[in-house]
Amino acid sequence: MHKLPIIPGDPTIIQSVHSVSVIKECSFSSVLNTVLHQGEAVVVSIPEMFHTKVLDLITLAHRKASLPAQKNWDSEPAYSRVLVFDKKTDSWTFWGTKQFAAVPFGDKLAEYREEDNPEVEALHDWPYYSGKLLPQAICIINSGKGVGATSVIHSLDMDFFPEDTTPKQTLIFSPGTAFADLKHKSREQFGGGISFKGQYPHAVLLNSSEKPSFLLSEKGDNYYVKDKSLHIVVHHEYTFSRVEVAVGDTKDTGIFNKDGHFGTLGSAKLKIDLLSRNHVQNLAQNLNIPPQGVLKASANKKLSVSPGDEFIISAKIDPAYVMGVRIQ
């Protein structure tokens, strides 16, 4: 990779990362645990195998390192600004270039959290919000205000569209749910969650037997629920690169929560397994489930499935609601 141009804002780069922790077919993860003071940055080089793939999602785990001086007001807030170096334009691009002109550089507030409970931010739908990018590097800047605006960047995950974006199986449970379309640069849509006051009409319930106030989906031609988990049955042979799950975990209590939405926020974690030829292969586990979002799991390499194989989607800690699943 050639020398990168100057990063907007000219931050002080305190760390350059050239190796990552986990590489899969359509994603990679990097554990950083980097402390950033205001104006400092960490730059992560993206593995060469992803340089020709279009960026889909960046998941950032971060937190502010210290409690605010005042209980209800933080005069020195810490923010994380995520910039991606795009191969096509030879320039740095931030999340929201095309859609969020009123939000400065797509900055994400880093709340104070305990060390074992960082805040997880999903910067999703990059083709819709910032265009089709072929990233070679990513920069995370602490764009906070004041000497007390120190943050900790725990980890970084990046997901890319597979080379073949043709859906192999798509199941929509909550009407109105849709997955991102790379060709048309359309974003994800949800048939439950925030706009539905914490309800998920016709979703599949995970990790609970207690019926909510809305209707659920429990069995169909190519899926069923067993042991509080969703089983998706394969009916024809195909090769896939990743699984996407539209899911949320808000409890339908009618309570106004701290995020300004209705419903009690959950703490559910998602797990995705593939049962093939009596062998279980884990594709993802301990994924943080938001009030609404699309969680993605890539195989280590493209995998073939046969009739009778099953994808098993489960949750723990709290109940969760699956609004749709797409396998690419």
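Note that these values count all heavy atoms, side chains included, but never hydrogens, waters or copies made by symmetry.
- Under the 3.5 Å distance criterion, the side-chain polar atoms of Asn207 are matched with a main-chain donor or acceptor of Asp318.
- The backbone N or O of Lys226 sits nowhere less than 3.5 Å from a side-chain atom of Lys228 that would complete a donor-acceptor pair.
- His154 places none of its side-chain heavy atoms less than 4.5 Å from the side chain of Arg113.
- Taking the six-membered ring where the residue is Trp, Trp95 and Tyr129 present perpendicular rings, their angle passing 60° and hence far from 30°.
- Donor-acceptor pairing under 3.5 Å is lacking for the side chains of Ser229 and Asp227.
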Inset, instruction - List the steps, then state whether ring pair (Phe, Tyr, Trp, His ring centres under 6.0 Å) holds for Phe240 with Phe311. - result: CA-CA 12 Å; Phe240 78 97; Phe311 293 91; 5.1 Å; yes
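- Interatomic distance, CD1 of Ile141 versus OG of Ser151, reported as 11.0 Å (0.5 Å rounding).
- Of the possible polar contacts, none joining the Arg187 side chain to the His124 backbone as a donor-acceptor pair under 3.5 Å is found.
- Side-chain contact between Leu32 and Val44 is present, with heavy atoms from C-beta onward closer than 4.5 Å.
- Under the side-chain hydrogen bond (donor to acceptor under 3.5 Å, both in side chains) criterion, Gln328 pairs with Arg242, sequence neighbours left out.
- At distances below 3.5 Å, at least one donor-acceptor pair connects side-chain atoms of Gln169 with backbone N or O atoms of Val233.
- Interatomic distance, Leu60 CG to Lys108 NZ, rounded to the nearest 0.5 Å: 9.5 Å.
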Inset, instruction - Check the pair Glu310, Tyr224 against side chain to side chain donor-acceptor pair (under 3.5 Å), reporting the backbone distance first and the verdict last. - result: CA-CA 10 Å; Glu310 296 183 357; Tyr224 64 95; 2.8 Å; yes
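- Between Leu205 and Pro319, some side-chain heavy-atom pair lies under the 4.5 Å cut-off.
- Ring pair Phe262/Phe256 is perpendicular by interplanar angle, where above 60° counts as perpendicular and below 30° as parallel.
- By the rule that hydrophobic residues join a cluster once side-chain heavy atoms approach within less than 4.5 Å of another member, Val247 and Val243 end up as members of one cluster.
- Of the possible donor and acceptor atoms, one in the side chain of His235 sits under 3.5 Å from a partner among the backbone N and O of Asp221.
- Of the N and O atoms on the side chains of Ser217 and His202, not one donor lies less than 3.5 Å from an acceptor on the other residue.
- Under the 4.5 Å side-chain heavy-atom criterion for Ile, Leu, Val, Met, Phe, Trp and Tyr, Ile58 and Phe28 are members of the same hydrophobic cluster.
- With Ser16 contributing its side chain and Val43 its backbone, the two residues share no donor-acceptor pair below 3.5 Å.
- Partners of Glu237 under the salt bridge (Lys or Arg N to Asp or Glu O under 4.0 Å) rule, at least two apart in sequence or in another chain, do not exist in this structure.
- Between the CD1 atom of Ile153 and the CG atom of Asn142 there is a distance of 7.0 Å, given to the nearest 0.5 Å.
- In the hydrophobic clustering of ILVMFWY residues, with side-chain heavy atoms under 4.5 Å counting as a link, Ile23 and Ile46 come out together.
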Legend entry - Steps toward ring pair (Phe, Tyr, Trp, His ring centres under 6.0 Å) verdict (Phe196, Phe214): CA-CA 11 Å; Phe196 292 77; Phe214 47 89; 9.7 Å; no
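- Here the side chains of Asn288 and Lys269 are in contact, with some heavy-atom distance below 4.5 Å.
- By the 4.5 Å heavy-atom criterion applied to side chains, Phe179 and Ile172 are counted as neighbours.
- Using a distance-only test at 3.5 Å, with no hydrogens or angles considered, a donor-acceptor pair links the side chain of Lys24 to the main chain of Leu283.
- There is a path of hydrophobic side-chain contacts, each under 4.5 Å, that joins Leu156 to Leu133.
- Tyr200 has its side chain within reach of Thr250: a pair of non-hydrogen atoms, C-beta onward, lies under 4.5 Å apart.
- Membership of an apolar cluster is not assigned to Val120, as no side-chain contact below 4.5 Å to another ILVMFWY residue is traced.
- One N or O on the side chain of Asp86 and one on the backbone of Leu134 form a donor-acceptor pair closer than 3.5 Å.
- We find that Lys64 and Glu76 are not joined by a salt bridge, their nearest charged nitrogen and carboxylate oxygen being 4.0 Å or further apart.
- Between the side chains of Thr93 and Ser130, no donor N or O sits under 3.5 Å from an acceptor N or O.
- In this structure, the side chain of Ser241 does not engage the main chain of Lys302 through any donor-acceptor pair within 3.5 Å.
- Under the 3.5 Å distance criterion, the side-chain polar atoms of Lys211 are left unmatched by any main-chain donor or acceptor of Leu216.
- Rounding to the nearest 0.5 Å gives a distance of 9.0 Å between CD of Gln38 and OG1 of Thr12.
- Note on Glu119 versus Arg63: no salt bridge recorded, every NZ/NE/NH1/NH2 to OD/OE distance being 4.0 Å or above.
- Side-chain contact between Val204 and Phe173 is present, with heavy atoms from C-beta onward closer than 4.5 Å.
- Side-chain contact of Asp252 with Ser213: a donor-acceptor pair under 3.5 Å is present, judged by distance alone.
- Residues Ile6 and Trp92 are not in side-chain contact: their nearest non-hydrogen atoms beyond the backbone lie 4.5 Å or more apart.
- A continuous path of ILVMFWY side-chain contacts below 4.5 Å connects Leu270 to Ile327, so both sit in one hydrophobic cluster.
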